Amino acid sequence: MLFTILLVLIIPAVIYVHPRIIGADDAYIVLSGSMKPTIYPGDMVFARAVTPKDIIEGDIVVANMSSRLYTHRVIDKIDSDENILFRLKGDANEDPDPSYIEGSRIIGKVALILPTRYFYNKSSYLVFVLIPLVLLVFYQIFKMYMILTYNPNKRRRKRGIAALIFKNSRNRHTSILDTTVLLLLMILLISTAWFMLPHFALNNLGSFYDEESSSVSATAGEWKNPSTVTCFIVPNNTTYYLGDLIIITGSVSPIREEVNLTLEYSINGSNITQRISTNSAGTYSYVQSLNKPGIWNIKVKWDGSRYYYGASCKELSFKVLNITEG
């Protein structure tokens, strides 16, 4: 039984150190639960080096991103003339990985998965560490008692460190170092190495974790679309007379109803503003009485909104004359 337990511990360890025994190039201990239920934390995966062209959708690969290795499944492949890009996703993750990765970042394709996760639960710790340790301690105490009390001639007891370690067939039949003790010691040594392996893989004193996180830096902003404002004068003349009425009309595109526009006048260097609004069709109209003679310049502006940039129409210019001038 002890020999069987030792084989269960030592065979995966030998394959992990020398993965080429089973035709793989590298072996890894999975630390996260992003690939559950296909791969659990603690499982050992063996990867075989392949070219990016040999990888297809559905393959599980080991990728290197920012000096960090992770195992995810390929869900999309883009093959261009310059490079091959892959989109990866963990089976347990709701969303794919944030971005595509280049084929050069793929270390290998997973060829074999060993469920070594069973080495890292409470039952395994009990079977591989605590029980062998307790058996070893009590077994050795019992043997020491038998050695120290055994005296076939009933004259004296054999004592001393040499008597406890080396067997002397003339006065006793028990030794401390036997096959059972060696098997228990090897089980303790290898099982301890298994339990320490994730700590070395994480490069700290942590353990397995079932959550993945990624930090993303983003700058908040607004995405806006361009807009245009048109304006016309009805009737469309270059010269008007004092007291004439004109209609300033136009529209905002895309159609924006009930938005405020600014109507700017420049009359002989004096500036005047007027607020007007568009109707449900996105058009506007304003009746203006020409009450001052001189050169008039008119422009309609829109400040824009959350989704659209502002705009203004081309400035319109005309002359207003006195009746006597006409």
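For clarity, every value in this text was computed on a predicted model and none was experimentally measured.
- Of all the heavy atoms in Pro12 and Leu114, the pair that sits closest is CB-CD1, 4.5 Å.
- A donor-acceptor contact shorter than 3.5 Å is absent between the side chain of Tyr284 and the backbone of Ile248.
- Atom CZ of Arg48 has 12 or fewer heavy atoms from other residues, nucleotides or ligands within 6.0 Å.
- With hydrophobic clusters built from ILVMFWY side chains whose heavy atoms lie under 4.5 angstrom apart, Ile107 does not share a cluster with Ile56.
- A side-chain donor-acceptor contact under 3.5 Å links Thr116 to the backbone of Gly42.
- Taking every heavy atom of both residues into account, Pro254 and Pro226 meet most closely at CD-O, 3.9 Å.
- Note: the hydrophobic cluster containing Tyr40 does not contain Tyr70 (ILVMFWY, side chain heavy atoms under 4.5 Å, direct or indirect links).
- Both Ile21 and Ile11 belong to a single network of hydrophobic side chains, linked directly or stepwise wherever heavy atoms of I, L, V, M, F, W or Y lie under 4.5 Å apart.
- Atom NZ of Lys301 sits in a sparse spot, with 12 or fewer heavy atoms from other residues, nucleotides or ligands closer than 6.0 Å.
- With a 4.5 Å cut-off on side-chain heavy atoms, Ile78 and Tyr100 count as touching.
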Practice prompt. May I have the step-by-step check of side chain to side chain contact (heavy atoms under 4.5 Å, CB included) for Gln288 and Trp296, ending in yes or no?
Written response: CA-CA 12 Å; Gln288 175 65 47; Trp296 287 53; 4.1 Å; yes

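- Ile295 places a side-chain heavy atom less than 4.5 Å from the side chain of Asn268.
- Between the side chain of Asn64 and the backbone N or O of Ile106, no donor-acceptor pair lies under 3.5 Å.
- Between Phe46 and Ala24, the shortest heavy-atom distance links the atoms CB-CB, 3.7 Å.
- Lys224 is not listed as a side-chain neighbour of Tyr307, based on a closest heavy-atom distance of 4.5 Å or more.
- In terms of modelled atom types and a separation under 3.5 Å, the side chain of Thr230 and the main chain of Ser251 share a donor-acceptor contact.
- Distance NZ/Lys77 to CG/Leu85: 11.0 Å, rounded to 0.5 Å.
- A heavy-atom distance below 4.5 Å is not found between the side chains of Asp91 and Lys36.
- Across all non-hydrogen atoms, the minimal contact from Gly310 to Ser227 is C-OG, 4.0 Å.
- Here the straight-line distance linking atom CG of Asp43 with atom CD1 of Ile29 works out to 8.5 Å at 0.5 Å rounding.
- Ring geometry for Trp302 versus Tyr308: interplanar angle of 30 to 60°, hence tilted.
- Partner His72 forms a side chain to side chain contact (heavy atoms under 4.5 Å, CB included) with one of Ile60, Val61, Asn93 and no other, that one being Asn93.
- Between Ala47 and Tyr28, the shortest heavy-atom contact is CB-CE1, 4.1 Å.
- Under the 4.5 Å side-chain heavy-atom criterion for Ile, Leu, Val, Met, Phe, Trp and Tyr, Phe3 and Leu184 are members of the same hydrophobic cluster.
- Taking CG from Asn236 and CZ from Phe318, the interatomic distance works out to 10.5 Å, rounded to the nearest 0.5 Å.
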Discussion item. As a quick check of understanding, evaluate side chain to side chain contact (heavy atoms under 4.5 Å, CB included) for Leu263 and Ile298, giving each step before the final call.
Written reply: CA-CA 7 Å; Leu263 177 59; Ile298 294 178; 3.5 Å; yes

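- Under the 4.5 Å side-chain criterion, counting only non-hydrogen atoms from C-beta, Ile75 is in contact with Pro96.
- Between Val320 and Tyr241, the closest side-chain pair of non-hydrogen atoms is not below 4.5 Å.
- Interatomic distance, CG of Leu321 versus CG of Leu242, reported as 9.5 Å (0.5 Å rounding).
- Salt-bridge formation is detected for the pair Asp25/Arg20: a Lys NZ or Arg NE/NH1/NH2 atom is positioned less than 4.0 Å from an Asp or Glu carboxylate oxygen.
- A heavy-atom distance below 4.5 Å is not found between the side chains of Lys299 and Leu316.
- A donor-acceptor pair under 3.5 Å is formed between the side chain of Thr278 and the backbone N or O of Glu258.
- Under the 4.5 Å side-chain heavy-atom criterion for grouping Ile, Leu, Val, Met, Phe, Trp and Tyr, Leu133 is not connected to Phe138 through any hydrophobic cluster.
- Between Asp59 and Phe86, the closest side-chain pair of non-hydrogen atoms is not below 4.5 Å.
- Here the CD1-CD1 distance, from Ile233 to Ile246, works out to 4.5 Å after rounding to the nearest 0.5 Å.
- For Asn260 and Ser277, the side-chain atoms include at least one donor-acceptor pair closer than 3.5 Å.
- With hydrogens and angles disregarded, no donor-acceptor distance shorter than 3.5 Å links the side chain of Arg73 to the backbone of Lys89.
- Ile247 CD1 to Tyr286 OH: the interatomic distance, rounded to the nearest 0.5 Å, is 12.5 Å.
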Item to complete: Applying side chain to side chain contact (heavy atoms under 4.5 Å, CB included), run through Val74 and Leu88 and close with a yes or a no.
Response: CA-CA 5 Å; Val74 177; Leu88 307 182; 3.5 Å; yes

